[in-house]
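Here is the naming used below: chain letters follow the sequence lines, and residue numbers restart at 1 for every chain.
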Protein chains: 2
Amino acid sequence: MDEVDELLSIRAAELYYEENKTQDEIGQALRLTRWKVGRLLAQAKQRGFIRIEILHPRARRLPIERRLRDERGLADAIVVSSAGVTTAEELQARTAQAAADYLTALRPVPRTLGVSWGRTLFDLSQHLRNGWATGVNVVQINGGVSLNRRPGTAAATAVGIAQKGGGSATLLPSPAILERLATKQAIESDRVVAGVIDLARSADAYLFSAGAADHTSVHVESGYLAASEVDLLVEKGAVGDVVGRYIDSDGNIVDPALDARTVGLTLDELRAAPLSIAVISGPAKHPVADAVVRSRLCTVLVTDEATALHLLDG
Amino acid sequence: MDEVDELLSIRAAELYYEENKTQDEIGQALRLTRWKVGRLLAQAKQRGFIRIEILHPRARRLPIERRLRDERGLADAIVVSSAGVTTAEELQARTAQAAADYLTALRPVPRTLGVSWGRTLFDLSQHLRNGWATGVNVVQINGGVSLNRRPGTAAATAVGIAQKGGGSATLLPSPAILERLATKQAIESDRVVAGVIDLARSADAYLFSAGAADHTSVHVESGYLAASEVDLLVEKGAVGDVVGRYIDSDGNIVDPALDARTVGLTLDELRAAPLSIAVISGPAKHPVADAVVRSRLCTVLVTDEATALHLLDG
DNA sequence: GGTATTCGTGCTCATATGAGCAACGAGATG
DNA sequence: CATCTCGTTGCTCATATGAGCACGAATACC
């Protein structure tokens, strides 16, 4: 295709897409046959001169979703468009909304749903519609009594998802991380706690997010970890946490001693699940998202466009 | 249109524009008739959810061009797309290229073309192709011996346009602005200078740009005006200059005494021309562009998308 | 210099899409 | 409660578009 044709294809595209002319009319205007016009338009598209965007908070990027499924072996992928997004909150809200939509449309409806907690999942619980399901029981899969500010978001997340789904929530009455291994073992051997964890193991599906390994982490905010401890984990290769457990870029536990003091489902139990939905968005979480997908911690990923492209490029 | 339909129209748009499905296939996927799908897509478009952009340095914005013609009474308007533009130079280059294209396609070809000078027109002269016309004579319409750096761009502009158009250039051998009125009158009564100005008055078409009233002005750069003098003009309401003459937002001369010392075509002579092409781009020139169009200094405007929208909004 | 090959062109035909219309149903109105 | 009105739906038909094909010109190759 020579330069003249390139210019003509642009002129044709202007008349076609901006002026809504038919290819025949364009042909008359540019002194071309309508077949030539059709070919010019096809070339303009094929060469990437035409960009079509869907501007809507609920818009998804289906081609990227397919690439994620095909190239990264996911059972399903939901990628929200970031076109027109200005703030990080907006991106988070879009992703949470998409995850809520996915849950709502999920068939068969899980009878028991294991959930983690955190900002993203709380947001998700807020975006769910009342009656999104009829009779879904929710069980927490990792410890989560918030120590500092915003107490109860962990509980509110599980309870919210359950109530709106016409079911009830089973909370895991334990801190996320304990200071001493003996305490953790004692708690896990408690009848109630052990019962909840057993129930969590039997869930039909899991829903969780991931945290970045930095000072904004909910673990720091909630007081389970000091900022300096996170720095140490990063030095050991941590890229973020999943259900409270810090992993490196290969999805391996970074600090086994710390992990042993963490209450809840293990990562291998999560990996064994037939349906585990990860909801991860934002540039800060690109490394964790990568680790989660590579190490097959989830079968379904809900994320944003930029994160998805990061996963595909790397 | 209720919320459900809005969501459906987005789903339909995804399948239509990103997955290249037919409306019939989309109907099957979403359990709708193909007519419903067509209507949903039409609504998505009409509500502005679908954005189609043409990404190319030569792309123009025809709907904006039409609005400029219709709403601002221009004989013609060329608006280059600023999609994907990152630097000011790029925008300038696109606009200059579009003006060069316009000149090349102009029919009837002007026998004599009056030109101004400046960065924009120099850029334009560089973008013209050899042989863009056969036998166009170019005449300078305002004084333009550069005093400081980049000497000769004024001459190079006129000569370049003429040579590439198979004609010759007639230069106006005079400074743009003289220090004393008497000197200006003396120069204008010189046989050669008077002849050039007469020729300029008889040109078939004029091509000029406009300068912003700030310290980046070519007049400051060329040494005709001190930065402080420009500040003074701004205080008196100047928004920029056209062929060396400073105007306010209504297109009136800001400083008649200064204007009397400026050599070249007057603004009223320019306004009387049947074809005068202004090439103006960049955010800094929004106010001058407005003044030029409002006061009918040009019949044809070549500009960028943002400037055009500024003219239409205000 | 003749022949083969490739590419672009204009066509036919099948398909996708949009305009316009009649029938239907939900809600308003007497 | 009957009727009216308006908006929605599924349709028919006209039009716009894309796929595939045969031809001819330009280029490569023997």
Side-chain angles (χ1 to χ4, degrees), chain A residues 1-56 58-63 65-66 81 101 105 129-131, chain B residues 1-56 58-63 65-66 81 101 104-105 129 131:
Chain A
M1 188 186 188
D2 59 12
E3 200 214 312
V4 178
D5 268 17
E6 179 168 325
L7 248 178
L8 271 178
S9 76
I10 297 302
R11 297 285 153 258
E14 287 160 0
L15 293 165
Y16 192 71
Y17 292 107
E18 302 211 310
E19 298 282 79
N20 294 315
K21 304 253 190 208
T22 71
Q23 298 185 5
D24 212 354
E25 289 172 312
I26 296 168
Q28 289 179 291
L30 302 181
R31 300 169 175 243
L32 302 165
T33 63
R34 68 187 180 80
W35 297 284
K36 178 74 178 174
V37 174
R39 285 177 184 127
L40 287 173
L41 288 172
Q43 278 171 354
K45 253 192 193 168
Q46 187 243 318
R47 286 174 151 236
F49 296 155
I50 313 297
R51 178 162 74 197
I52 302 184
E53 274 181 327
I54 302 173
L55 297 165
H56 195 281
R58 307 284 269 267
R60 283 162 47 187
R61 303 301 318 277
L62 305 187
E65 294 182 357
R66 184 166 21 173
S81 163
D101 290 347
R129 290 187 94 102
N130 249 318
Chain B
M1 188 184 188
D2 60 11
E3 201 214 311
V4 177
D5 267 19
E6 181 170 324
L7 248 177
L8 271 179
S9 76
I10 297 302
R11 296 287 152 258
E14 287 161 1
L15 293 165
Y16 193 70
Y17 292 108
E18 302 210 311
E19 298 284 79
N20 295 314
K21 304 251 189 211
T22 70
Q23 297 185 5
D24 212 355
E25 289 173 312
I26 296 169
Q28 290 178 293
L30 303 182
R31 298 171 178 240
L32 302 166
T33 63
R34 68 188 180 80
W35 297 283
K36 177 75 177 172
V37 174
R39 284 177 184 126
L40 287 173
L41 288 172
Q43 277 169 355
K45 254 193 194 166
Q46 187 242 317
R47 286 174 153 237
F49 295 155
I50 312 297
R51 178 160 76 197
I52 303 184
E53 274 181 327
I54 303 173
L55 296 166
H56 195 279
R58 306 286 270 268
R60 283 162 47 187
R61 303 301 318 275
L62 305 187
E65 294 182 357
R66 186 170 16 177
S81 164
D101 291 347
T104 306
R129 291 185 93 101

Please give me every residue in residues 10-19 of chain B whose heavy atoms get under 4.0 Å of an atom in DNA chain C, ordered by residue number.
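Heavy-atom cutoff 4.0 Å gives B:Y16.
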
In this structure, how many angstroms lie between the [atom2] atom of [N] and the [atom1] atom of [X], rounded?
X     : N      : atom1 : atom2 : value
B:L41 : C:dA16 : CG    : P     : 15 Å
B:Q43 : D:dT9  : CD    : C1'   : 13 Å
B:R39 : C:dA19 : CZ    : P     : 10 Å

Under a 4.0 Å heavy-atom criterion, the protein footprint on nucleotides 22-27 of chain D, written with B, S and -, is ------

Give the residues of residues 20-36 of chain B touching DNA chain D, defined as any heavy atom closer than 4.0 Å, sorted by residue number.
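Output list: B:T33, B:W35, B:K36.
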
Does anything in residues 7-23 of chain B form a salt bridge (charged side-chain N to carboxylate O under 4.0 Å, His left out)? List the pairs, not counting sequence neighbours.
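Every salt bridge (charged side-chain N to carboxylate O under 4.0 Å, His left out) pair that includes a residue of residues 7-23 of chain B, provided the two are not neighbours, is A:R61-B:E18, A:R66-B:E19, B:R11-B:E14.
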
Which salt bridge (charged side-chain N to carboxylate O under 4.0 Å, His left out) pairs, counting each pair once, include a residue from residues 24-40 of chain B, with sequence neighbours left out?
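Of all non-adjacent pairs touching residues 24-40 of chain B, those that pass salt bridge (charged side-chain N to carboxylate O under 4.0 Å, His left out) are B:D5-B:K36.
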
Side-chain heavy atoms of [X] within contact of [Y], under 4.5 Å:
X     : Y     : result
B:L32 : B:I26 : no
A:V37 : A:L30 : no
B:E6  : A:R58 : no

Let me confirm one number: the CD-CG distance from B:Q28 to B:L15, rounded to the nearest 0.5 Å.
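If we round to the nearest 0.5 Å, B:Q28:CD and B:L15:CG are 12.0 Å apart.
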
Would you compute the distance between atom CD1 of B:I54 and atom CZ of A:R51 and round it to the nearest 0.5 angstrom?
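CZ of A:R51 is found 12.0 Å from CD1 of B:I54.
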
Contacts of type side chain to side chain contact (heavy atoms under 4.5 Å, CB included), residue B:R129, not counting sequence neighbours
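Per chain and number, B:R129 pairs via side chain to side chain contact (heavy atoms under 4.5 Å, CB included) with A:E3.
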
Just one of B:L41, B:L40, B:I50 clears the side chain to side chain contact (heavy atoms under 4.5 Å, CB included) bar with B:S9, so which one?
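The single option meeting the side chain to side chain contact (heavy atoms under 4.5 Å, CB included) with B:S9 is B:L40.
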
